[in-house]
Number of protein chains: 2
Amino acid sequence: MASDAQPTPVFAKPVTLREVAATAGVSVATASKALNGQGRMTAETRERIRETAQRLGFRPNSLAQSLLRRRSFTVGLLTNDTYGRFSLPLMAGVSDALVDAGVSVFLCNVEDDPRLGQLHVDAMLDKRVDGIIATGKRIDRHLPVDLSNLGIPAIYAFTQPDPGAIAFVSDDAGGARLAVEHFCRLGRRRIAHVTGPASFAVVHARAQAYRDVLAENGLPAAEPLLGSWSEAWGHEAVGTLFDGKREAPDAVFCGNDQIARGVIDALRERGIDVPDEVGVIGFDNWEIVAEATRPPLTSVDMNLAALGREAGLTLLSLVGGQPAEPGLRKLPCRLVVRQSCGRPLGG
Amino acid sequence: MASDAQPTPVFAKPVTLREVAATAGVSVATASKALNGQGRMTAETRERIRETAQRLGFRPNSLAQSLLRRRSFTVGLLTNDTYGRFSLPLMAGVSDALVDAGVSVFLCNVEDDPRLGQLHVDAMLDKRVDGIIATGKRIDRHLPVDLSNLGIPAIYAFTQPDPGAIAFVSDDAGGARLAVEHFCRLGRRRIAHVTGPASFAVVHARAQAYRDVLAENGLPAAEPLLGSWSEAWGHEAVGTLFDGKREAPDAVFCGNDQIARGVIDALRERGIDVPDEVGVIGFDNWEIVAEATRPPLTSVDMNLAALGREAGLTLLSLVGGQPAEPGLRKLPCRLVVRQSCGRPLGG
DNA sequence: AAAGCTTGGGAAAAGGTTTTCTCAAAGGAG
DNA sequence: CTCCTTTGAGAAAACCTTTTCCCAAGCTTT
């Protein structure tokens with residue numbers, strides 16, 4: 001073995017099947033079949049070839065295999081979520097679903113730039129990805145790419161799909177129900193809703209669910225307070241809710257964890273106890289925020305990893321030729337209970 | 001099989017060079033040369049072939065090209081930073097550096113699981129990536145993978161490298177200097193340092209720089225307060241700093257933005273004004289936190305995108321056969337000034 | 001007019017693997 | 001002893017592109 005004598009890292013050529021075959025004294029065809037458990041040969045021959053491949057450190061060239069099989073065992077993941085707040089859990093789920101099938105993931109950040117999007121989509125197509133998953137940071141906006149008529153399957157996850165496509169999204173209304181119903185169960189009667197801007201579809205979906213649950217429970221529905229997704233807005237909204245002109249709420253359901261954080265901070269500044277006087281629930285379950293609030297924040301988790309997992313598995317079956325019904329699939333959220341809601345009132 | 005009568009979109013076979021050649025009435029060799037600007041032929045022939053390729057929507061099969069060129073134009077990015085706090089800016093930089101060279105990035109999250117690491121490294125090797133970049137969430141910990149003797153170049157960025165490898169890291173001492181010198185320039189005299197646990201190498205590097213700058217400026221150095229990276233610790237540390245037994249600081253340099261956030265909140269609770277009475281600087285410039293603090297937080301930015309860019313470019317030159325000196329390359333940090341330090345005192 | 005050069009384009013190999021044929025030898029049946 | 005079947009393994013095509021060599025025709029030079 002000459003490879004012992006290299007001082008600087010010399011990048012050795014990988015060993016090929018041809019070399020394995022030559023070393024084992026068989027043809028490449030036989031070697032291939034031996035390693036893949038195909039064909040017929042004596043157990044002794046098969047074992048000898050396997051042992052040789054092992055010893056030489058042979059690994060089949062995936063490029064050659066892909067060329068032949070017309071499948072690259074790669075998929076592209078497109079995102080415009082630069083900070084990865086939503087992308088990363090989702091990506092982890094996708095990757096988790098695919099790694100067992102030997103499929104790797106190209107991550108492409110397209111920002112909101114159609115040129116960059118086209119660039120990356122072209123690169124994916126050139127590399128013959130088996131499929132594409134598009135993901136974003138909000139459900140009601142389309143990525144700056146056109147994924148129709150690409151010749152390969154595309155799946156949308158947590159982003160606005162093309163018509164006729166398959167998309168996985170979180171069930172925002174369901175998530176909101178979880179939160180408000182939780183408040184109801186705990187005996188809260190005056191539940192407020194502080195959320196993001198009206199330009200977001202989820203704001204309306206969640207607000208409607210909020211109203212529905214209150215109606216179902218015979219509770220008064222205050223008009224949701226729309227603002228921005230920021231801590232500052234949560235802080236400010238408390239000023240509106242507790243201005244003394246109206247009956248103060250005993251629970252606040254917030255559109256995201258940052259708003260909830262702002263709400264909790266503002267309540268503390270006013271000397272209002274959380275959770276004893278007012279319960280607070282957030283949305284997104286952004287752990288690093290939810291766990292840092294005092295008290296730790298109960299929050300709705302969108303199960304993005306599971307969403308990614310489902311998207312990955314569905315893409316896989318699509319690539320495998322299985323037909324799949326187009327349409328929007330809503331995946332349930334779950335409520336992560338921490339300490340910002342307390343125990344049942346008067347219970 | 002019901003899949004014969006396609007209800008779902010049929011995925012058409014991509015058009016090959018052979019088809020382009022046949023359509024244009026030339027050989028594949030000529031077609032290839034025409035499209036790559038190689039070989040000699042009449043301008044008319046070349047143009048006809050180009051036009052045909054265009055019309056048919058031909059795109060060269062990257063797999064076949066890679067097989068021939070023995071370069072896949074892909075690299076693997078390994079990370080254990082699940083939340084992507086550090087990985088994503090870094091990844092954006094890597095991607096940015098590589099996209100122009102037509103190189104795509106496989107993102108692999110290996111958690112801290114050696115088995116998962118091996119799985120992903122094997123997958124990368126099978127897919128014949130041209131190189132690998134390893135990145136993590138702290139500089140003094142090694143990823144659970146062995147990247148030596150892989151036969152392809154590997155670069156480390158923001159993680160502990162193997163000996164003899166090339167690594168890019170942030171200059172933490174330099175970053176700390178920036179922060180403390182900024183305080184000095186503003187006329188702060190009693191500068192405290194609240195930072196993370198002693199188990200982190202960066203804690204010591206920054207603390208030493210903190211002491212050095214104070215010594216250089218003839219200022220008293222208090223012992224740095226070591227704790228966790230959390231808001232809660234920042235909050236708690238204020239209790240220690242402002243216990244009345246010692247002279248209260250007029251500036252706090254924090255080990256990260258969350259600590260700084262905790263410090264600022266605690267100061268507000270005590271009625272101590274930031275920045276008038278006490279200036280605060282954070283580390284990491286995690287914008288979503290830094291901009292949400294009141295007042296917005298001045299923070300040291302590690303330039304992770306630039307780090308990723310450098311790592312990407314270096315890997316590219318390594319892949320291209322250029323030699324490169326092994327060793328640790330420290331890239332400078334920069335101070336992002338917001339409003340938590342105020343203007344020069346008495347200025 | 002013969003020899004050499006240029007021009008335009010094609011044949012074929014290479015890259016590494018899988019799969020379908022094909023074939024020789026050995027064994028069994030009649 | 002001949003014919004057929006099974007067994008074990010190899011040859012070659014296929015996947016798609018690039019590149020090196022090669023060749024024929026037309027042109028120039030002497």
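The chains referred to below are lettered A, B, ... by the order of the sequence lines, with proteins before strands, and numbering in each begins at 1.
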Ring pair (Phe, Tyr, Trp, His ring centres under 6.0 Å) partners of B:Phe168, counting only residues at least two apart: none
Do the side chain of A:Asp130 and the main chain of A:Phe73 share a donor and acceptor less than 3.5 angstrom apart? yes
Between the opening five pairs and the closing five pairs of the helix from C:dA1-D:dT30 to C:dG30-D:dC1, how far apart are the helix axes, to 10°? 70°
For A:Ser87, what residues pass the side-chain hydrogen bond (donor to acceptor under 3.5 Å, both in side chains) criterion, not counting sequence neighbours? A:Thr79
Output all residues satisfying side chain to side chain contact (heavy atoms under 4.5 Å, CB included) with B:Arg59, sequence neighbours left out; order by chain, then residue number. A:Asp122, A:Leu125, A:Asp126, A:Arg128
For B:Lys137, the side chain to side chain contact (heavy atoms under 4.5 Å, CB included) test, sequence neighbours excluded, returns B:Asn80, B:Asp81, B:Phe86, B:Asp112
Decide if atom CD of B:Gln54 counts as having more than 12 heavy atoms of other residues, nucleotides or ligands within a radius under 6.0 Å. no
Just by distance, no angles: are the side chains of A:Asn109 and A:His120 close enough, under 3.5 Å, to form a donor-acceptor pair? no
Whole angstrom is fine here: how far is it from CG in A:Asn36 over to C1' in C:dT20? 15 Å
note: A:Gln38, atom CD; C:dT20, atom C1'; distance rounded to Å ~ 12 Å
Note: contacts of residues 63-72 of chain A with DNA chain D (heavy atom, under 4.0 Å) are A:Leu67, A:Leu68, A:Arg70
Pairs involving residues 87-106 of chain A, ordered by first then second residue, that meet ring pair (Phe, Tyr, Trp, His ring centres under 6.0 Å) (sequence neighbours left out): A:Phe106-B:Phe106
Name the first nucleotide and the last nucleotide along DNA chain D (5' to 3') that come under 4.0 Å of a heavy atom in chain B. D:dC16 to D:dT20
Please check: side-chain N/O of B:Ser66 versus main-chain N/O of B:Ser62, any donor-acceptor pairing under 3.5 Å? yes
Contacts of type side chain to side chain contact (heavy atoms under 4.5 Å, CB included), residue A:Ala305, not counting sequence neighbours: none
With a 4.5 Å heavy-atom cut-off, do A:Ile132 and A:Leu150 have their side chains touching? yes
Which residues pass the side-chain hydrogen bond (donor to acceptor under 3.5 Å, both in side chains) test with B:Asn36, not counting sequence neighbours? B:Ser32
Letter per nucleotide, 5' to 3', of nucleotides 4-9 of chain C [B base touched, S only sugar-phosphate touched, - untouched; heavy atoms, 4.0 Å]: ---BBB
Categorize B:Ser32 for me: base, sugar-phosphate, or nothing, with a 4.0 angstrom heavy-atom threshold over every strand shown. base
Rounded to whole Å, how long is the line connecting atom CG of A:Leu35 with atom C1' of C:dG16? 13 Å
Any residue meeting side chain to side chain contact (heavy atoms under 4.5 Å, CB included) with B:Leu328, in chain and number order, not counting sequence neighbours: B:Pro161, B:Ala167, B:Val169, B:Lys330
